[in-house]
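One is the number of the first residue; the rest follow in order along the sequence.
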Amino acid sequence: MAKLSLTLACTLSDRTRPILDGRVPVPGVDFVALPGEPEDIFRRALRDKAFEVTELSLGSHIVTTSRGDSPYIGVPIFLSRAFRHSAIYIRTDRGITRPEDLAGRTIALPEYQQTAALWVRGILRETHGVDTKAIKWRIGAERIAITLPEGFDVAPLGETPENALREGRVDALIGPRPPAPHPHIGRLFPDYPAAEKEWHAQTGFFPLMHCLAVRRDVAQAHPWLPLVLFRAFAEARRISLEELRLVNVLRVSLPWIAAAMEEQERAMGGDIWPYGFAKNRDEIAAMIRFARADGLAARDVTPEELFHPSTYAELP
């Protein structure tokens, strides 16, 4: 039978490169590879349903699934994960020295629904007791329209979040990209690796950011596809992690990358980049809880609703 020709939009990383360069074939599929940056990929996927297989913001996926208009169904392949204590930037001239000092402040965001912001708000509430509903959230531009319940102070900035922080019109910024250096801008957690390691030891979470997803019409027409994708991308991850251990020729331009790999495996219980629904269900449930508290999820969603049923029991 002829193979399916499908578009694949994703960020180029060690976890996707074995798929994109053909080292790991996907049975029955030929991809038209469309590597890019997350902001553009998510906007086109969510607004235009532009891709048949795509990397997708988990925050946006929760929002759209909860209101019943999600164009995609997830595959529990988590192409992006990132600790987010490092994503909180503050004005150093406002007396902010600890998370509790953000209570009642004005904070800029690229998007209210952004997954990085979802995690930071959850951490502020559940780890530090901050009432995030009492914060004034000022945003750049949402990739999809959102409707929040009454009582949430969320409004457009009319400028970039970075500029608002630089000019002192907000007290802090949450964003995955650092702002340009400025004498009155710093991180809330200057030693963010230590803060992130401590939080991971407490929660066991390595924050999920993006999953793989299949457009719903494609998954309905080819129900075998999500599981085949899971297995192929899991193999790509295995190859990428093995490359970090190689010391004959370093595959990454960091001198002690193999030692760092060993250290992080010890700290994280052996599996530094978990794939699979069962391994991540508790973390997905936490994200849904955060989205409900943020006013983003229109109803209670089960983690199972976000992913294709054929992948629930699969282990990488």
Side-chain angles (χ1 to χ4, degrees), residues 13-15 57-59 62 76-90 96-103 107 114-132 135 172-178 186-211 234 237-238 240-245 252 254-294 303 306-307 315-316:
S13 71
D14 63 342
R15 300 168 297 284
S57 158
L58 262 172
I62 291 169
I77 293 293
F78 302 106
L79 296 176
S80 177
R81 310 179 79 120
F83 291 106
R84 289 307 188 192
H85 291 69
S86 60
I88 311 172
Y89 301 90
I90 59 169
I96 301 170
T97 60
R98 59 194 187 120
E100 291 79 1
D101 295 331
L102 293 176
I107 300 179
Q114 188 176 58
T115 312
L118 180 81
W119 273 105
V120 171
R121 288 189 298 264
I123 291 168
L124 290 176
R125 274 192 306 270
E126 298 194 1
T127 303
H128 301 285
V130 176
D131 181 3
T132 57
I135 289 173
L173 162 70
I174 298 170
R177 301 176 188 271
R187 279 192 163 99
L188 177 63
F189 295 95
D191 187 2
Y192 62 85
E196 291 168 351
K197 289 173 184 176
E198 180 181 356
W199 180 80
H200 173 72
Q202 294 169 354
T203 64
F205 292 162
F206 178 13
L208 300 163
M209 294 288 140
H210 311 158
C211 68
R237 184 206 62 158
R238 186 194 66 77
S240 73
L241 295 181
E242 283 300 317
E243 287 183 343
L244 296 179
R245 297 185 177 90
V252 178
L254 291 173
W256 294 286
I257 188 64
M261 176 74 168
E262 293 171 5
E263 176 190 353
Q264 289 167 39
E265 283 182 322
R266 287 193 297 271
M268 301 179 79
D271 189 353
I272 66 171
W273 203 283
Y275 280 174
F277 180 78
K279 281 190 174 183
N280 292 280
R281 191 186 189 283
D282 289 348
E283 195 164 323
I284 297 160
M287 295 181 72
I288 294 169
R289 183 172 71 248
F290 297 164
R292 285 290 276 164
D294 287 339
L306 300 173
F307 298 95
L315 298 174

TODO: Taking the six-membered ring for Trp and the full ring for Phe, Tyr or His, determine whether the centres of Phe83 and Trp119 are under 6.0 Å apart.
DONE: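 No, ring centres 6.0 Å or more apart.
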List the atom of [X], the atom of [Y], and the distance in Å for their closest heavy-atom pair.
X      : Y      : answer
Arg187 : Ser86  : NE-O, 3.0 Å
Ser240 : Arg15  : OG-CG, 4.0 Å
Thr97  : Leu188 : C-CD1, 4.2 Å
Ile62  : Ala291 : CG2-CB, 3.8 Å
Glu100 : Val130 : CA-CG2, 3.9 Å
Phe307 : Pro76  : CD2-N, 3.6 Å

Task: Ile88: which of Val120, Ile123, Leu173, Ile96 passes side-chain contact (heavy atoms from CB on, under 4.5 Å) - done: Val120
Any side-chain heavy atom of [X] sitting closer than 4.5 Å to one from [Y]?
X      : Y      : value
Leu79  : Tyr275 : yes
Asp271 : Lys279 : yes
Tyr89  : Pro178 : yes
Pro303 : Ile288 : yes

- [ ] Kindly indicate, with the supporting measurements, whether the criterion side-chain contact (heavy atoms from CB on, under 4.5 Å) is fulfilled by Thr132 and Phe290.
- [x] CA-CA 11 Å; Thr132 57; Phe290 297 164; over 6 Å; no
Can you tell me how far [atom2] of [Y] sits from [atom1] of [X], rounded to the nearest 0.5 angstrom?
X      : Y      : atom1 : atom2 : value
Glu243 : Arg238 : CD    : CZ    : 10.0 Å
Leu102 : Ile107 : CG    : CD1   : 4.5 Å
His128 : Arg98  : NE2   : CZ    : 10.5 Å
His210 : Ser80  : NE2   : OG    : 4.0 Å
Leu58  : Gln114 : CG    : CD    : 13.0 Å
Leu118 : Arg289 : CG    : CZ    : 10.5 Å

- [ ] Start with the C-alpha distance between Leu241 and Met261, add both sets of side-chain angles, then the distance that settles side-chain contact (heavy atoms from CB on, under 4.5 Å), and finish with yes or no.
- [x] CA-CA 9 Å; Leu241 295 181; Met261 176 74 168; 4.0 Å; yes
Open item on the list: For a side-chain contact (heavy atoms from CB on, under 4.5 Å) check, start with the C-alpha distance between Ile174 and Arg84, then their side-chain angles and the critical distance, and finish with the verdict.
Closed with: CA-CA 9 Å; Ile174 298 170; Arg84 289 307 188 192; over 6 Å; no
Verify, without hydrogens or angle tests, whether [X] (side chain) and [Y] (backbone) share a donor-acceptor contact under 3.5 angstrom.
X      : Y      : value
Gln264 : Ile272 : no
Arg81  : Phe206 : yes
Glu196 : His85  : yes

Open item on the list: Cation-pi check for Trp273 against Arg237: NZ or CZ below 6.0 Å from the six-membered ring centre and within 45 degrees of the axis, yes or no?
Closed with: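 No, a cation-pi geometry is absent between Arg237 and Trp273.
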Task: N-O pairing of Arg266 and Glu263 below 4.0 Å - done: no
